[in-house]
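Worksheet for the structure shown next.
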Amino acid sequence: MALSLHAGELARPQPNFFFLEVLADLWHPESNPRGYVNLGLAENCLMHGQLLSRMHMMLKEPGAIPDLALTYGDGYKRLRQAVSRFLTRQLHPFFPIEPSHVLPGNGCTVAIENMAWALANPGEGILVGRPYYGAFPTDIGKRTGVKFVPVSFGDDDAMGMAAVQRYEDAICAARDGGGRIGAIMLAHPHNPLGRCYPRDVLVAYMRLCEKHQVHLVSDEIYALSVFDNTIDGDADASAPFTSVLSIDPAGIIDRSLVHVLWGMSKDFGANGLRMGFVVTQANTKLQAALGSVFEFSWTSALSDLVTVRILEDDDWVESYLAENRRRLAAHHERVIRWAREHEIPYAAGTNAGFFVWVNLGSAYRRHRPGRSVADVDETVMKALLERRVFLADGVRFGAEQAGWFRIIFTQEADILDEGLRRILAVVKGDTDRR
């Protein structure tokens, strides 16, 4: 029996789902030495022990799991209160975040899709700068029909002031062609560049959105995963994190155009909880629209409970986040030292997130002087998979130059080291395939 046209399109093989095969065959030094080393999926495993210990302890307390956990919940009442209070403490918004400003859903993937659905009509566009988070195209447009519109920067810094003009050019080009741009979406801190937008650049984006009446969506899912970069020569130039909600919008932008996304998956290393939030402080129509389709992204009442119990414990949260930042810095340094030792070019100045953006293609070619490599992205990716190490390539992230890959450094040290060993073997052409 035939499927709908839309379903038929999506029924074709999806290369982006290869990582499911990776997850089903992960490396272990003893039980599965031929498995894949996964340094491609943005998960933070460094604090799993601390978080699981806390969860086990609090769920063993008498009455820790009430009957409410087996029902549809309380309409997010306690969850919204906990999240609004937590984000007000952590993001330092100019206007306190109230429970009514928070719209929960089962992960930030659905939050991105819901924002695309709400802010643009099918065929209209949402602007995202290159390189971009690899799932943005599908999250934005796979089911909504909204156009994912990448913005190129050439030699300009993707996170600098000059890039703002590139966005305005894209807005005007769409308008001149009879189209419309519904929103600019920023990954802030940036994925995969691992940096934060400077405050003055954020203000420039806010002014641009006000000028053209375009929504500004700041995906701040790595907001609390910002660390001290003590190894990079360019570290002093790295901007600290500033939430767009912390900037006084008076005279800059209508507050109804500013929205933030955040979730538990990155800053708390809890992808499996599937907890994501849209924060919109002054757009009651958007709040009502997203509230009207909440049943399509309803969260588990048990996940609600776990999230609330975590976020309400201020002392534990502060200790957890501080230790997380320390471990992020240590593992980041581990990869930077490896890249420098082996003369692998990388994007300097990283101070946020779980990743280092490296040019393996350049290093691959350097070790093969005189040899022509027609498609270095495909060549290196094929070699990596043959070595049973999984990375996300720059092609999927819309990189403007060939050869770039994203290395996730938030695995345990033995996994990270094994992955770096395999990557180096690919770059240098070593024949040892342990």
Problem - By ring-ring contact (aromatic ring centres under 6.0 Å, His included) - contacts of Phe136 (at least two apart) - result: Tyr133
Exercise for the section: List the steps and the verdict of side chain to side chain donor-acceptor pair (under 3.5 Å) for Ser246 and His92. Expected result: CA-CA 6 Å; Ser246 70; His92 310 291; over 6 Å; no
Search all heavy atoms of [X] against all heavy atoms of [Y] and return the closest pair with its distance.
X      : Y      : value
Val146 : Ala120 : CG2-O, 3.6 Å
Ala183 : Val214 : CA-CG1, 3.4 Å
Cys196 : Pro189 : SG-CG, 3.9 Å
Arg274 : Thr109 : NH2-OG1, 4.4 Å
Val164 : Val201 : CG2-CG1, 4.2 Å
Val376 : Ala402 : CG1-CB, 3.8 Å

Quick one: does any side-chain atom of [X] pair with a main-chain N or O of [Y] as donor and acceptor, under 3.5 Å?
X      : Y      : value
Ser362 : Asn359 : no
Ser238 : Asn351 : no
Ser53  : Gly49  : no
Thr299 : Gly105 : no
Arg130 : Pro150 : no
Arg406 : Ala392 : no
His190 : Pro131 : yes
Gln411 : Leu416 : no
Glu124 : Asn121 : yes
Asn283 : Leu286 : yes

Kindly compute the distance separating [atom1] ([X]) from [atom2] ([Y]), expressed to the nearest 0.5 Å.
X      : Y      : atom1 : atom2 : answer
His101 : Gln281 : NE2   : CD    : 5.5 Å
Ser319 : Asp314 : OG    : CG    : 12.5 Å
His342 : Ile423 : NE2   : CD1   : 11.0 Å
Asp377 : Met381 : CG    : CE    : 9.5 Å
Ser218 : Leu91  : OG    : CG    : 9.5 Å
Asn38  : Ile415 : CG    : CD1   : 8.5 Å

Would a 4.5 Å heavy-atom cut-off, applied to side chains only, mark [X] and [Y] as touching?
X      : Y      : answer
Val395 : Trp404 : no
Arg54  : Asp313 : yes
Leu245 : Ile97  : yes
Met58  : Val306 : yes

Check [Y] with [X], please: is the shortest side-chain N to carboxylate O separation under 4.0 Å?
X      : Y      : value
Arg334 : Asp417 : yes
Asp304 : Arg309 : no
Glu43  : Lys266 : no
Arg422 : Glu418 : yes
Lys382 : Glu378 : no

Exercise for the section: May I have the step-by-step check of salt bridge (Lys or Arg N to Asp or Glu O under 4.0 Å) for Arg143 and Glu113, ending in yes or no? Expected result: CA-CA 8 Å; Arg143 296 196 303 178; Glu113 183 184 70; 2.7 Å; yes
Aromatic ring centroids of [X] and [Y] under 6.0 Å?
X      : Y      : answer
Tyr320 : Phe268 : yes
Trp117 : Phe296 : no
Tyr222 : Phe354 : yes

Problem - Option from Trp316, Trp262, Phe277 for which ring-ring contact (aromatic ring centres under 6.0 Å, His included) with Phe86 holds - result: Trp262
Cation-pi, [Y] ring and [X] (6.0 angstrom, 45 degrees):
X      : Y      : answer
Arg255 : Phe95  : yes
Arg199 : Tyr197 : no
Arg388 : Tyr36  : yes

Problem - salt bridge (Lys or Arg N to Asp or Glu O under 4.0 Å) between Asp228 and Arg326, intermediate numbers included - result: CA-CA 8 Å; Asp228 291 331; Arg326 188 192 69 78; over 6 Å; no
Exercise for the section: Run the numbers on Asp267 and Ser225 for side chain to side chain donor-acceptor pair (under 3.5 Å), then give the verdict. Expected result: CA-CA 6 Å; Asp267 292 334; Ser225 297; 2.6 Å; yes
Practice task
Only one of Leu186, Val244, Val279 passes side chain to side chain contact (heavy atoms under 4.5 Å, CB included) with Glu220; say which it is.
Solution key: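 The single option meeting the side chain to side chain contact (heavy atoms under 4.5 Å, CB included) with Glu220 is Val244.
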Handout entry: Residue of the set Asn114, Val278, Ile221 for which side chain to side chain contact (heavy atoms under 4.5 Å, CB included) holds with Leu261
Key = Val278
Exercise for the section: Return yes when atom CG of Asp248 has more than 12 non-hydrogen atoms of other residues, nucleotides or ligands closer than 6.0 Å, and no otherwise. Expected result: yes
Exercise for the section: Apply the test ring-ring contact (aromatic ring centres under 6.0 Å, His included) to residues Tyr132 and Phe148: give CA-CA distance (whole Å), side-chain angles for both, the deciding distance (0.1 Å), then the verdict. Expected result: CA-CA 11 Å; Tyr132 46 74; Phe148 171 85; 4.8 Å; yes
Exercise for the section: Check the pair His212, Arg175 against side chain to side chain contact (heavy atoms under 4.5 Å, CB included), reporting the backbone distance first and the verdict last. Expected result: CA-CA 10 Å; His212 293 281; Arg175 181 190 61 209; 3.9 Å; yes
Exercise for the section: Decide salt bridge (Lys or Arg N to Asp or Glu O under 4.0 Å) for Glu333 and Arg337; before the verdict, give the C-alpha distance in whole Å, the side-chain angles of both, and the deciding distance to 0.1 Å. Expected result: CA-CA 6 Å; Glu333 180 174 336; Arg337 290 190 183 281; 2.7 Å; yes
Exercise for the section: Please lay out, stage by stage, how Gln50 and Arg327 fare under the test side chain to side chain contact (heavy atoms under 4.5 Å, CB included). Expected result: CA-CA 12 Å; Gln50 284 73 6; Arg327 296 188 186 190; 2.8 Å; yes
Practice task
Look at the aromatic rings of Phe227 and Phe409 and report parallel, tilted or perpendicular, splitting at 30° and 60°.
Solution key: perpendicular
Practice task
Go through the steps to decide whether Glu312 and Arg85 satisfy the test salt bridge (Lys or Arg N to Asp or Glu O under 4.0 Å), and finish with yes or no.
Solution key: CA-CA 8 Å; Glu312 287 181 341; Arg85 177 179 170 276; over 6 Å; no
